[in-house]
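First comes the structure, then the notes that go with it.
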Number of protein chains: 2
Amino acid sequence: MSEQSLTKRQKEVLAFICDHIESVGFPPTRNELSKHFGFRSPNAAESHLRALQHKGVIRIEAGRSRGITLTALSHSSLPSSGALRMPLPLVGRVAAGSPVLAQENIEHEYRVDPLLFSARPDYLLRVEGHSMRDAGIFDGDLLAVHRTPEASNGQIVVARLDDEVTVKRFERKGHQVTLLPENPQFQPIQIDLRRQELVIEGLGVGVIRPRLES
Amino acid sequence: MSEQSLTKRQKEVLAFICDHIESVGFPPTRNELSKHFGFRSPNAAESHLRALQHKGVIRIEAGRSRGITLTALSHSSLPSSGALRMPLPLVGRVAAGSPVLAQENIEHEYRVDPLLFSARPDYLLRVEGHSMRDAGIFDGDLLAVHRTPEASNGQIVVARLDDEVTVKRFERKGHQVTLLPENPQFQPIQIDLRRQELVIEGLGVGVIRPRLES
DNA sequence: CTTGATACTGTATATATTTACAGTATATGA
DNA sequence: TCATATACTGTAAATATATACAGTATCAAG
């Protein structure tokens, strides 16, 4: 459903679940949750789990003991989470001035078959905003990005302009570059390369939408 | 304890446990082990676990469901641990009358981290047509589908109607089901469950777009 | 040749775990 | 003011799960 933020209590519960998986090796049961938080009823834990599932940060597998799994959202919902996978780093908000793949920007790492995409992706970038809506790139989508400093007209690029990272369609005529949104509610960005610096961080080679809104 | 080498069968069991933890997110039960290996008795799994514990490659926590944890030894006991992951079948055009996951419909298999999506995907379905355009699901996109016969109003479903498989938004009022496109150029499909058969093949839980058009 | 490990079938049971149902109370947005 | 989300207590039941006990059969080692 909607991507609401977690309450303080829900964050505590989610943190405990993450911690349990990390340190114990498997997810906690309702009783173990209740014991840790002092609930006198396993249903208190159940309710919290339902709420967390509803907000998309965990998944519950019906009928399976300890059937709690974390989702992509769960990691971005907590201040600190340990990364223990290899392949594709997921980059969220890029801190001003820092390289895209700086440690501080990496939220998580996912294994995704690179053959899925038209070009080999180097990282996943969480898209913010609706400026590329008509290209089917929505707020919260993960853009698979291939690192390269060169772009051709019409390609969707990850560009850095004034320490801000943005996703737009690339159009260049001589010294003049236009970064085109795919949404009439947004204005194109004009850059004169003689006056302003534009860095191409990479090309969008695919999109992953981690959830479908209802 | 005794640090002997594992038998071939024991290696298979250990590999499955590792793989299960990696891909599912928690260890398997005795029954799940038995089902995978074709044991008719959960005690076969139990015996293997005891043997593996005795050889020091796993630890079993008494009385806790799924209480299997790996040890430092477990990794060195397997040739290629960690890298494996259950691949997702990619289903292209579904032949009329055949099950979605019939061999003839499977084009390829991709390894995709299931944690990327809000619910566990069981397969990827290549979407044809533009009827879901405004939901950001384009022609050629891969819909990550979670198999389930039940759907709630507003969810995006994979439905089978008259041997045709289609992706639409689900809306039900009593006997009346409406399959809603997300594109004003298409008409909603009305089904009277008393007159027509509708099978829900699964729920859309995410989208992968393998390429970006320029 | 006997012992122990391996690799299972088959049955049974205690208990661990999920999960529904029925409440209470507070806060918040429409 | 009504509906909804949060945050719980308390009870109960269905079922998922661990695990004991009783076997069968093969194989290698002492």
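All values reported here derive from a predicted model rather than from experimental measurement. Side-chain atoms are counted along with the backbone in the values below, which use heavy atoms only and exclude waters and symmetry mates. Below, chains carry the letters A, B, ... as their sequence lines are ordered, and counting in each starts from 1.
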Out of [options], which nucleotide sits closest to the side chain of [X]?
X: A/R40; options: D/dG10, D/dA18, C/dC8; answer: D/dG10
X: A/S41; options: C/dC8, D/dT17, D/dG10; answer: D/dG10
X: A/H48; options: D/dA7, C/dC8, D/dT9; answer: D/dA7

Expressed as a whole number of angstroms, how long is the span from [X]:[atom1] to [N]:[atom2]?
X: B/E61; N: C/dT17; atom1: CD; atom2: P; result: 11 Å
X: B/F26; N: D/dA16; atom1: CZ; atom2: C1'; result: 13 Å
X: A/I58; N: C/dT18; atom1: CD1; atom2: P; result: 11 Å
X: A/I68; N: C/dT17; atom1: CD1; atom2: C1'; result: 11 Å
X: B/N31; N: D/dT15; atom1: CG; atom2: C1'; result: 11 Å

Does a side-chain N or O from [X] land closer than 4.0 Å to OP1 or OP2 of [N], or not?
X: B/Q10; N: C/dA5; answer: no
X: A/T29; N: C/dA16; answer: no
X: B/R50; N: D/dT19; answer: no
X: A/S65; N: D/dT17; answer: yes
X: B/R64; N: D/dA18; answer: no
X: A/R66; N: C/dT17; answer: yes
X: A/R30; N: C/dT17; answer: no

**OP:** Classify the side chain of B/N43 and the base of C/dT11 as holding, or not holding, a donor-acceptor pair under 3.5 Å.
**Re:**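 Not at all, since no donor on one side and acceptor on the other fall under 3.5 Å apart.
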Subject >> Heavy-atom side-chain proximity of A/F170 to A/L179 below 4.5 angstrom >> reply: yes
Original post:
A/I17 versus A/P28: any side-chain heavy-atom pair under 4.5 Å?
Top reply: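 Yes - at least one pair of side-chain heavy atoms lies under 4.5 Å apart.
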**OP:** Evaluate the ring planes of A/F39 and A/F37, with Trp represented by its six-membered ring, and classify them as parallel (under 30°), tilted (30 to 60°) or perpendicular (over 60°).
**Re:**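 Because their plane-to-plane angle is under 30°, the rings of A/F39 and A/F37 count as parallel.
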Subject >> Ion pair check, B/K35 and B/E32, cut-off under 4.0 Å >> reply: no
Table of protein N/O atoms under 3.5 Å from nucleotides 24-30 of chain D N/O atoms:
none

**OP:** For atom CZ of B/R147, decide whether the heavy atoms of other residues, nucleotides or ligands shown that lie under 6.0 angstrom number more than 12.
**Re:**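 For B/R147, atom CZ is not crowded (no more than 12 foreign heavy atoms under 6.0 Å).
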